[in-house]
Colleague: 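Before anything else, here's the structure in question.
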2 protein chains.
Amino acid sequence: MGYGNVSERRMQPPQVGVSVVILALGPGAPSSGGAGRSRLWLPLVRRVRQPYLGGWALPGGGLRADLSLERSAYLALESTTDLHPKYLEQLHTFGGPDRSRGGLPMVSVVYWALVGRAETRDFAEADNVRWFPEDDLPAMAFDHREIVGHALRRLRERIEYPDLVTRLVGPEFTLRQLHDVVEAVTGEPVDLANFRRRMLASGELEETGEKIREGRQRPAAVYRYAPAAGERGTRPWGGVMLPDDAGASGNATDAPASSTFGMSDDGAMDDALGPLTTI
Amino acid sequence: MGYGNVSERRMQPPQVGVSVVILALGPGAPSSGGAGRSRLWLPLVRRVRQPYLGGWALPGGGLRADLSLERSAYLALESTTDLHPKYLEQLHTFGGPDRSRGGLPMVSVVYWALVGRAETRDFAEADNVRWFPEDDLPAMAFDHREIVGHALRRLRERIEYPDLVTRLVGPEFTLRQLHDVVEAVTGEPVDLANFRRRMLASGELEETGEKIREGRQRPAAVYRYAPAAGERGTRPWGGVMLPDDAGASGNATDAPASSTFGMSDDGAMDDALGPLTTI
DNA sequence: ACAAAAGTGTTACAAGTACACCCATGT
DNA sequence: ACATGGGTGTACTTGTAACACTTTTGT
């Protein structure tokens with residue numbers, strides 16, 4: 001009952017898309033010439049359609065019915081930014097009529113990921129992609145600013161867990177590097193001695209046997225993240241490890257995702273209907 | 001590129017729905033005649049269409065473009081089970097091609113909620129709704145069994161937080177009641193003395209001044225959940241408090257949701273396309 | 001020798017655990 | 001009086017924080 005006299009349009013479910021918040025460490029404040037404490041940076045893409053045409057938005061894309069949410073997120077990210085995080089974790093799903101000002105209603109499943117410095121290619125800018133420091137973001141499309149805030153909060157809550165910190169620094173690292181990352185992320189000073197002990201006590205770090213000298217003082221032991229087999233994926237949150245060639249599903253000869261994804265290479269189409277959304 | 005020769009259908013984004021996992025305390029194992037430790041129960045609704053016709057599924061419904069995700073979840077729940085939780089929290093979003101066996105691809109935004117014993121009307125069964133104990137669930141449609149597992153894990157992680165436990169017992173309670181709930185949920189014994197102190201130390205419980213006698217021994221002090229104004233909503237997770245008459249948006253004369261929702265009263269349509277999905 | 005960073009020890013305090021104990025109440 | 005649950009005390013263990021200290025290296 002009550003079905004005929006309510007406008008059909010209001011009953012329509014919204015469209016779905018995926019967005020990704022990528023976080024990486026980058027140079028510090030310009031006042032120190034980029035030196036000093038590192039900051040968190042994230043890539044945004046320029047929108048190429050209304051609404052918010054020309055504005056900055058999170059990388060994202062449409063959701064394909066034949067792919068898992070993670071795969072969709074990964075492909076959307078790949079096609080817009082060429083980044084290849086090894087780990088994606090679902091952050092939250094945003095929806096509701098208020099967020100799509102001017103566009104069609106849209107539900108965005110948002111993932112977040114951390115990438116090491118190496119993967120960012122020194123923050124080189126692709127055509128429509130630019131990296132911004134977390135504390136100096138431009139005006140952003142839709143509610144993407146709040147989404148970023150959400151992701152940052154999440155990161156700060158969990159940054160002290162070995163699996164998260166280590167993801168920001170790359171596969172091998174010294175304890176001091178981890179420490180500096182934690183301080184950069186939280187903005188709070190952390191006692192180095194106690195931090196060392198906590199990390200080592202976690203049992204998830206393994207000494208590589210190598211030593212590395214960052215300055216010109218005593219070299220530090222190099223570690224890698226190597227959780228005991230039993231406790232892998234034991235975290236309260238459960239992200240998804242992507243295969244090394246996550247763009248293909250176990251077939252190395254697959255065409256690159258950017259061509260199978262069927263999207264032109266314009267980024268930030270997550271909240272407007274892209275060419276693949278035919279209704 | 002690569003757009004024309006890929007089937008249009010695969011490019012279509014999936015439909016979206018909302019599902020809700022409701023958890024409430026109910027009678028214990030039948031071997032003890034329902035006495036003994038309480039168990040967690042949850043309501044399921046019988047499906048009235050393919051796939052999984054006649055099977056049990058989580059309450060849910062379509063997502064309306066003109067409502068927030070929470071409101072959609074609330075209305076779907078209300079129209080299928082007549083339950084009115086005061087609090088809903090987003091759990092996770094499930095999607096991917098594997099989960100919709102036989103149906104059209106579907107993304108489900110899943111919420112979870114806890115309701116007090118009072119609200120369950122002694123687990124009375126409505127037409128197509130039945131309550132099941134968490135440890136004796138029937139075969140369930142789609143991946144709903146895993147979704148329930150997800151919700152239970154989440155509950156067990158957080159059950160010791162005052163705001164969660166208190167939601168399972170209703171507005172007023174004794175410390176022993178809280179304690180019993182925690183033991184029922186975790187299955188582990190918890191030291192009562194220490195539990196009392198932890199709860200009181202949280203500062204989120206307020207004595208009502210009343211006393212109540214459960215057995216025929218010394219009466220126990222009655223408490224209510226009353227977090228200090230500053231720390232309300234300070235939890236790492238952030239659910240949504242629904243207004244007391246959450247079905248209406250501040251307008252008491254709104255028609256009941258079941259008629260504005262535009263759905264017939266068949267439950268568990270979240271993963272099949274209901275009458276309101278016209279494409 | 002000195003500076004700088006790596007790495008270890010020590011102490012103080014907070015938080016959590018186990019368990020013994022007393023108190024209030026109805027039969 | 002005594003059984004039963006309500007409520008408190010206490011000793012012990014564990015975790016965390018602060019900070020002094022020793023070691024290794026290059027200049």
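Letters go in sequence order (proteins before strands), and every chain restarts at 1.
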Colleague: Report, one pair per line, the protein and nucleotides 21-23 of chain D atoms (nitrogen or oxygen only) whose separation is under 3.5 Å.
Modeller:
from: dT23(D); atom 1: O2; to: Arg218(A); atom 2: NH1; distance (Å): 2.6

Colleague: Hey, does the Lys NZ or Arg CZ of Arg99(B) hover above the aromatic six-ring of Phe94(B), less than 6.0 Å from the centre and inside 45° of the axis?
Modeller: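 No; the conditions do not both hold, so Arg99(B) does not lie above the ring face of Phe94(B).
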Colleague: How many Å lie between CD on Glu214(A) and C1' on dG26(D), as a whole number?
Modeller: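 Interatomic distance, CD of Glu214(A) to C1' of dG26(D): 16 Å.
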Colleague: Run the side-chain donor-acceptor check on residues 187-198 of chain B: report pairs under 3.5 Å with partners two or more places apart or on a different chain.
Modeller:
from: Asp191(B); atom 1: OD1; to: Ala193(B); atom 2: N; distance (Å): 3.0
from: Asp191(B); atom 1: OD1; to: Asn194(B); atom 2: N; distance (Å): 2.9
from: Asp191(B); atom 1: OD1; to: Asn194(B); atom 2: ND2; distance (Å): 3.4
from: Asn194(B); atom 1: OD1; to: Arg197(B); atom 2: NH2; distance (Å): 2.9
from: Arg198(B); atom 1: NH2; to: Glu160(B); atom 2: OE1; distance (Å): 2.8

Colleague: Partners of Tyr223(B) by ring-ring contact (aromatic ring centres under 6.0 Å, His included), sequence neighbours excluded?
Modeller: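 Counting only residues at least two positions away or on another chain, Tyr223(B) forms no ring-ring contact (aromatic ring centres under 6.0 Å, His included).
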Colleague: With a 3.5 Å cut-off and sequence neighbours excluded, list the donor-acceptor pairs that the side chains of residues 206-215 of chain A form with protein atoms.
Modeller:
from: Glu206(A); atom 1: OE1; to: Arg224(A); atom 2: NH1; distance (Å): 2.5
from: Thr208(A); atom 1: OG1; to: Glu210(A); atom 2: N; distance (Å): 3.1
from: Thr208(A); atom 1: OG1; to: Val222(A); atom 2: O; distance (Å): 3.1
from: Glu214(A); atom 1: OE2; to: Gln177(A); atom 2: NE2; distance (Å): 2.5

Colleague: Write down the distance between CD (Glu183(B)) and P (dG5(D)), rounded to a whole number of angstrom.
Modeller: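 Distance, rounded to whole Å: 14 Å.
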Colleague: Find the distance Leu178(B):CG to dG7(D):P and express it as a whole number of Å.
Modeller: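 Whole-Å distance recorded here is 12 Å.
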Colleague: If you assign each of Gln217(A) and Leu175(B) to its closest nucleotide in DNA chain D, which residue comes earlier from the 5' end?
Modeller: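 Its nearest nucleotide lies further toward 5', so the answer is Leu175(B).
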Colleague: Is there a residue in residues 188-196 of chain B whose heavy atoms reach under 4.0 Å of DNA chain C, and which residues are they?
Modeller: Asp191(B), Ala193(B), Asn194(B)
Colleague: Judged by atom type as modelled, is there a donor-acceptor pair below 3.5 Å linking the side chain of Trp41(A) to the main-chain atoms of Pro27(A)?
Modeller: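 Yes, because the side chain of Trp41(A) sits within donor-acceptor range (under 3.5 Å) of the backbone of Pro27(A).
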Colleague: Rounding to a whole Å, what distance do you find between Ile212(A):CD1 and dA5(C):C1'?
Modeller: 14 Å
Colleague: Mind calculating the distance between NE2 (His179(A)) and P (dA5(C)) to the nearest angstrom?
Modeller: 13 Å
Colleague: Just call it for Arg197(B): base, sugar-phosphate, or nothing, with non-hydrogen atoms closer than 4.0 Å on any strand.
Modeller: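 Result for Arg197(B) = base.
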Colleague: Which string of ( ) [ ] | and . matches DNA chain D, if you list each base 5' to 3' and count Watson-Crick or G-U pairs only when both distances are under 3.5 Å?
Modeller: |||||||||||||||||||||||||||
Colleague: Output all residues satisfying side-chain contact (heavy atoms from CB on, under 4.5 Å) with Arg145(B), sequence neighbours left out; order by chain, then residue number.
Modeller: Leu137(B), Met140(B)
Colleague: Calculate the interatomic distance between Arg213(A) atom CZ and dG7(C) atom P; express it in whole Å.
Modeller: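 Going from CZ in Arg213(A) over to P in dG7(C) covers 14 Å.
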Colleague: With sequence neighbours excluded, give me every salt bridge (charged side-chain N to carboxylate O under 4.0 Å, His left out) pair touching residues 19-29 of chain A.
Modeller: none
Colleague: For residues Thr80(A) and Pro59(A), report the shortest heavy-atom separation together with the two atoms involved.
Modeller: OG1-CB, 3.4 Å
Colleague: Answer yes or no: is there an ion pair linking Glu146(A) with Arg153(A), defined by an N-O contact shorter than 4.0 Å?
Modeller: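 No.
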Colleague: With sequence neighbours excluded, what pairs up with Phe173(A) under the ring-ring contact (aromatic ring centres under 6.0 Å, His included) test?
Modeller: none
Colleague: Whole angstroms only, please: what is the CZ-P distance between Arg216(A) and dC2(C)?
Modeller: 19 Å
Colleague: Among dT17(C), dG26(C), dG7(C), which nucleotide has an atom closest to any side-chain atom of Arg198(B)?
Modeller: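 Of dT17(C), dG26(C), dG7(C), dT17(C) is nearest to the side chain of Arg198(B).
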Colleague: Pro138(B): which residues meet the side-chain contact (heavy atoms from CB on, under 4.5 Å) condition with it, sequence neighbours left out?
Modeller: Leu44(B), Trp56(B), Phe132(B)
